[in-house]
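Here the structure is laid out as structure tokens; the discussion comes afterwards.
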Protein chains: 2
Amino acid sequence: MRLTAKSEYGLLAMIDLALNSGEQPVSAREISERQAIPAKFLEQLMVQLRQAGLVSAVRGARGGFVLDRAAEEITVLNVVEALEGPLHTTVCDGDRAETCGRSGACAAASVWKQATAALRDVFTATTIADLSRTQVRLDDAAGTEPAHEG
Amino acid sequence: MRLTAKSEYGLLAMIDLALNSGEQPVSAREISERQAIPAKFLEQLMVQLRQAGLVSAVRGARGGFVLDRAAEEITVLNVVEALEGPLHTTVCDGDRAETCGRSGACAAASVWKQATAALRDVFTATTIADLSRTQVRLDDAAGTEPAHEG
DNA sequence: TGGAATCCCTACCAAACAAGTATGGTTTAC
DNA sequence: GTAAACCATACTTGTTTGGTAGGGATTCCA
């Protein structure tokens, strides 16, 4: 239940990959420059995305990353959980659940559960493909420097 | 977009007040003992709840707190925002919104907006009265030490 | 009148976390 | 064999979390 810059950067990176990786992989440096993400920080995120099975890495010169499945098959939830860990309630959880005495039988807990479920719904309903299309549309409308080149 | 122990404690305190304050106000110490919340920490939260206009304080001996309006009229969002501040997006916000270049025209931002809206919906749909009824039902079903006495 | 209970206020603190930075190793194309 | 890239680990700096400490100010009650 905690969203940080990691999730934002992660989404931007995944959108960038969806839009720019064709035959060739896209290097972390390219993404970092295009999306204005600190290079070394992005490197760490790419490792997590790889470990989560969302991207594949190509090592060595001319290496980089490619999406490991179709952008339609990667949800925002996949990216967020890869970077922030499983989306759980944060509150009324773990230790507290026992120390408060009413293990599970707590009215407050139901609200947190609903909140988590609502977030999960939103994050599951949107894919990287959706966001890529949205981004292209926004870039074209603005006529500014696009995040995609080809 | 960040939920901490404050919100949990705050909800428990509000439910406790709804269930236990009749003619007499309920002291922070009573709440702290019944709900297993550190006493001095709860005191701070009660100040915030008072400043947000959710509870009224009665000072001096035999003093305490009472809800400032009907439990039906106090939403979870009221309590959460009183304790955590306004419910905004955390990510793609503030500085970042400018530095990333695409001021507003960012596909990722739309997801965070939807997420915040979804949370707001959940928190607005539930009142302290709802939670109090739920808590009574849970306590009765469990047959354990209840959080209400009258 | 004087405790004692209670809210009120400010300050302080340790641990965890966020968001990077630094350094170097390993793999691969050219 | 060198440069480009990923990979791994450790460190840093500032903020937040979840409290604690210590003393006020107010009010009931004996």
Side-chain angles (χ1 to χ4, degrees), chain A residues 1-10 12-13 17 21 23-33 35-52 54-66 68 80 83-85 90-96 99-100, chain B residues 1-10 12-13 17 21 23-33 35-52 54-66 68 80 83-85 90-96 99-100:
Chain A
M1 197 78 99
R2 163 192 353 127
L3 279 294
T4 72
K6 283 186 183 179
S7 290
E8 184 189 344
Y9 292 160
L12 292 176
L17 274 182
S21 89
E23 288 298 305
Q24 305 292 343
V26 178
S27 73
R29 191 174 53 74
E30 285 180 79
I31 299 175
S32 127
E33 285 170 2
Q35 305 297 332
I37 301 171
K40 296 301 277 182
F41 193 47
L42 177 61
E43 267 192 54
Q44 296 176 10
L45 304 185
M46 296 313 294
V47 169
Q48 292 185 260
L49 293 175
R50 175 176 55 79
Q51 287 170 343
L54 301 181
V55 303
S56 288
V58 179
R59 305 187 59 166
R62 311 295 289 270
F65 299 89
V66 290
D68 208 37
V80 168
L83 297 173
E84 314 268 14
T90 306
V91 283
C92 218
D93 198 32
D95 323 336
R96 177 73 190 163
T99 62
C100 76
Chain B
M1 197 79 100
R2 164 193 349 131
L3 279 295
T4 72
K6 283 187 183 179
S7 291
E8 184 189 345
Y9 291 161
L12 292 176
L17 274 182
S21 90
E23 288 299 305
Q24 307 291 343
V26 178
S27 73
R29 191 174 53 75
E30 284 181 80
I31 299 176
S32 125
E33 285 170 1
Q35 305 298 331
I37 302 172
K40 295 298 277 182
F41 193 48
L42 177 60
E43 268 193 49
Q44 295 175 13
L45 304 185
M46 297 313 294
V47 169
Q48 290 185 262
L49 293 174
R50 176 175 55 79
Q51 287 170 344
L54 302 181
V55 303
S56 288
V58 179
R59 305 186 61 168
R62 313 293 289 271
F65 299 89
V66 290
D68 209 35
V80 168
L83 297 173
E84 314 267 14
T90 307
V91 284
C92 218
D93 198 32
D95 323 335
R96 177 74 190 162
T99 61
C100 77

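Chain letters run A, B, ... following the sequence lines, proteins first, then strands; residues in each count from 1. Values in this document were obtained by computation on a predicted structure and should not be read as measured data.
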Distance, nearest 0.5 Å, that separates OG1 of Thr4(A) from CZ of Arg2(B): 11.0 Å

Taking Ser32(A) for the side chain and Ile37(A) for the main chain, is one N or O donor matched with an acceptor at less than 3.5 Å? yes

How many Å lie between CZ on Arg2(B) and P on dA19(C), as a whole number? 10 Å

Could you tell me from which nucleotide to which nucleotide of DNA chain D, 5' to 3', there is an atom under 4.0 Å from chain A heavy atoms? dA4(D) to dA10(D)

Check every strand shown and say whether Gly63(B) touches a base, only sugar-phosphate, or nothing at a heavy-atom separation below 4.0 Å. sugar-phosphate

Please set out all donor-acceptor pairs under 3.5 angstrom arising from side-chain atoms of residues 39-49 of chain B, sequence neighbours excluded.
{"unit_1": "Gln48(B)", "atom_1": "NE2", "unit_2": "Ala82(B)", "atom_2": "O", "d": "3.4"}

With Arg50(B), which residues qualify under salt bridge (charged side-chain N to carboxylate O under 4.0 Å, His left out), at least two apart? none

Would you mind building the protein contact string for nucleotides 21-26 of chain C? One character per nucleotide, 5' to 3', B for base within reach (heavy atoms under 4.0 Å), S for sugar-phosphate only, - for untouched. B-BB-B

DNA chain D: 5'-proximal contact among Val47(A) and Ala61(A) (nearest heavy atom): Ala61(A)

Separation of Lys6(A) atom NZ from dC17(C) atom P, in whole Å? 11 Å

Roughly how far apart are Leu54(A) CG and Phe65(A) CZ, rounded to 0.5 Å? 12.0 Å

Result for 5'-nearest mapping on DNA chain C, choosing between Gln51(B) and Arg29(B), is Arg29(B)

Calculate the interatomic distance between Leu42(A) atom CG and dA18(C) atom P; express it in whole Å. 18 Å

Looking at every heavy atom in both Leu83(A) and Lys6(A), which two are closest together, and how far apart are they? CD1-O, 3.2 Å

According to salt bridge (charged side-chain N to carboxylate O under 4.0 Å, His left out), who are the partners of Arg59(A), at least two apart in sequence or on a separate chain? none

In whole angstroms, the gap separating P of dA18(C) from OH of Tyr9(A) amounts to 14 Å

side-chain N/O Ser27(B) vs dA5(C) OP1/OP2, d < 4.0 Å: no

With sequence neighbours left out, the residues meeting side chain to side chain contact (heavy atoms under 4.5 Å, CB included) with Val66(B) are Ser21(B), Pro25(B), Ser56(B)

Nearest whole angstrom, please: distance from the C1' of dG20(C) to the CG of Leu45(A). 11 Å

